[in-house]
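Numbering of ligands and ligand atoms starts at 1, following listing order. Hydrogens, waters and symmetry mates are skipped; everything else that's a heavy atom, side chains included, is used. Note that the structure is predicted; figures quoted are calculated from it, not measured.
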Amino acid sequence: MRFLSTLRGRLIVSHLAAVFVGVVAIVLIAGPLTQRFFVDHVDGMMGDSTMMGGTGDSVMVELQSSLLDSFRSALFIALLISAVTAVVASVYASRRIAQPIERMSDAARKLARGEYDERVPVPEEIELATLAQDINTLAASLASTEERRLQLINEVAHELRTPLATIEGYMEGLLDGVFEPTDEVFGATAREAARLKRLASDLSTLSRAEEGALELASDRIDLAQIAKEAAEALMPLFMEKYIALTIDDGDPLIVLGDRDRLTQVFTNILGNAITYTGQGGSVGVRMERDGSRATVTVSDTGKGLTGDDLLRVFDRFHRVDPNLPGGTGVGLTVARNLVRRHGGDIVAFSDGPGTGSRFVVSLPLAG
Ligand code: ADP
């Protein structure tokens, strides 16, 4: 019965049905009509031959020819009726098939014009139903991409506004003589400009990562060594804040991935651990094998995170304390995107504010 729900099946069946209707019409109509015409002919002939006194042979010839005439007339009428029936049936069948296709091409044109709310009804025929579902899925995905694009533009505009307003405020203050041209004023302006620069660079990485346009290498690399090197590179910052760094490494953890991008991930997580941990705190980096996965855990004794923040720290532009200088709220979004594109994930843990945090990066081990 599945055959009957396919477009091909329905086309074959509708053609066969048209032929069948034609044949049945011919059989049903031609027989009785022939008989009727023939009887009329014979009646007419009987009258004429009685009048004209024809012989048996000539009556036979007349009979044969009138039988043929009756059959021809009956066949003509039967063919006419069956042709009309077949045409009506074909028009109906082709309409049923053409209508959904026309609707779908109409919908495709609307989608091309940016009308992403457009959806098409799903017809019964399996091939057309699949096509209609694909068009609806495409429309939904275009609508959500457009929504995200608009949201990103809004968020970026919002994020740019604060540092720009700060810089503008300082500049106007200097011009009006409200501020003295001190190191403090220039320092604050330079910090905001640096934040804008970092935001631009983070956003460019984020958009390329989200588009999937970021080319990632797939080399056999040791994740443990990458995490260790990233931590060691940040040593001056650890020392500046008197934060103790402990590295607990074991066997190499070989994964397939991009060395530079994974270094960027650990630099971000470790950089956050330094930023959000007070002077004299400590940060630990532990590398281990967990079944078929390599995991690197970065734990700190810093600010910690609430349950709500644990869910939101990976959201674009989410910063627990937006007034803290320097951050853009994009670093963890990019980090998670990069790790996920490697087939892994990053998860954040904390027992609450003031209890420190743990960020666990896990990636599949190379076979
Ligand atoms: P940012 O540039 O603000 O650090 P991220 O995306 O790296 O952006 O982090 C988002 C937010 O998550 C930070 O603003 C901070 O509030 C919070 N966060 C990240 N790491 C930690 C951590 N180790 N301890 C406490 N809070 C953190």
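Judged by distance alone, the side chains of D309 and T306 do bring a donor and an acceptor atom under 3.5 Å apart. For T328 and D202, the side-chain atoms include at least one donor-acceptor pair closer than 3.5 Å.
The stretch residues 149-171 participates, sequence neighbours left out, in these side chain to side chain donor-acceptor pair (under 3.5 Å) pairs: E146-R149, Q151-E155, E155-R316.
The distance from ligand 1 to the heavy atoms of N272 drops below 4.0 Å at these ligand atoms: 4 (O), 5 (P), 7 (O), 9 (O), 19 (C), 20 (N). Contact atoms of ligand 1 toward G329: 1 (P), 2 (O), 3 (O), 6 (O), 8 (O) (distance under 4.0 Å to a heavy atom of the residue). Per-residue contacts place H318 under 4.0 angstrom from the following atoms of ligand 1 (heavy atoms of the residue considered): 10 (C), 11 (C). The atoms of ligand 1 that sit less than 4.0 Å from any heavy atom of V320 are 14 (O), 16 (O). Proximity to N268 (heavy-atom distance under 4.0 Å) selects the following atoms of ligand 1: 7 (O).
Residue K303 has no N or O atom closer than 3.5 Å to an N or O atom of ligand 1. For F359, no nitrogen or oxygen atom sits less than 3.5 Å from a nitrogen or oxygen atom of ligand 1, counting backbone and side chain alike.
Classification of R340 and D345 as a salt-bridged pair holds, one side-chain N sitting under 4.0 Å from a carboxylate O.
With a 4.0 Å cut-off on non-hydrogen atoms, D300 touches ligand 1 through its side chain and not its backbone. Neither the backbone nor the side chain of T277 comes within 4.0 Å of ligand 1, counting heavy atoms alone. Using a 4.0 Å cut-off between heavy atoms, V330 contacts ligand 1 through its backbone alone, with no side-chain atom that close.
Using 4.0 Å as the threshold, F314 has no heavy atom nearer than that to any atom of ligand 1. Between S357 and ligand 1 there is a heavy-atom distance shorter than 4.0 Å.
Following chains of ILVMFWY side-chain contacts shorter than 4.5 Å, one cannot reach F37 starting from L75, and the two form parts of different hydrophobic clusters.
To the nearest 0.5 Å, the span separating CD1 on I254 from CG on L223 amounts to 9.0 Å.
Summarising the local packing, CD of E115 is surrounded by more than 12 heavy atoms from other residues, nucleotides or ligands at distances under 6.0 Å. Counting heavy-atom neighbours within 6.0 Å of Q279 CD, excluding the residue itself, gives a total above 12. Surrounding CZ of R36 are at most 12 heavy atoms belonging to other residues, nucleotides or ligands under 6.0 Å away.
When the heavy atoms of T328, L332, V313, T275 are ranked by distance to atom 2 (O) of ligand 1, first place goes to T328.
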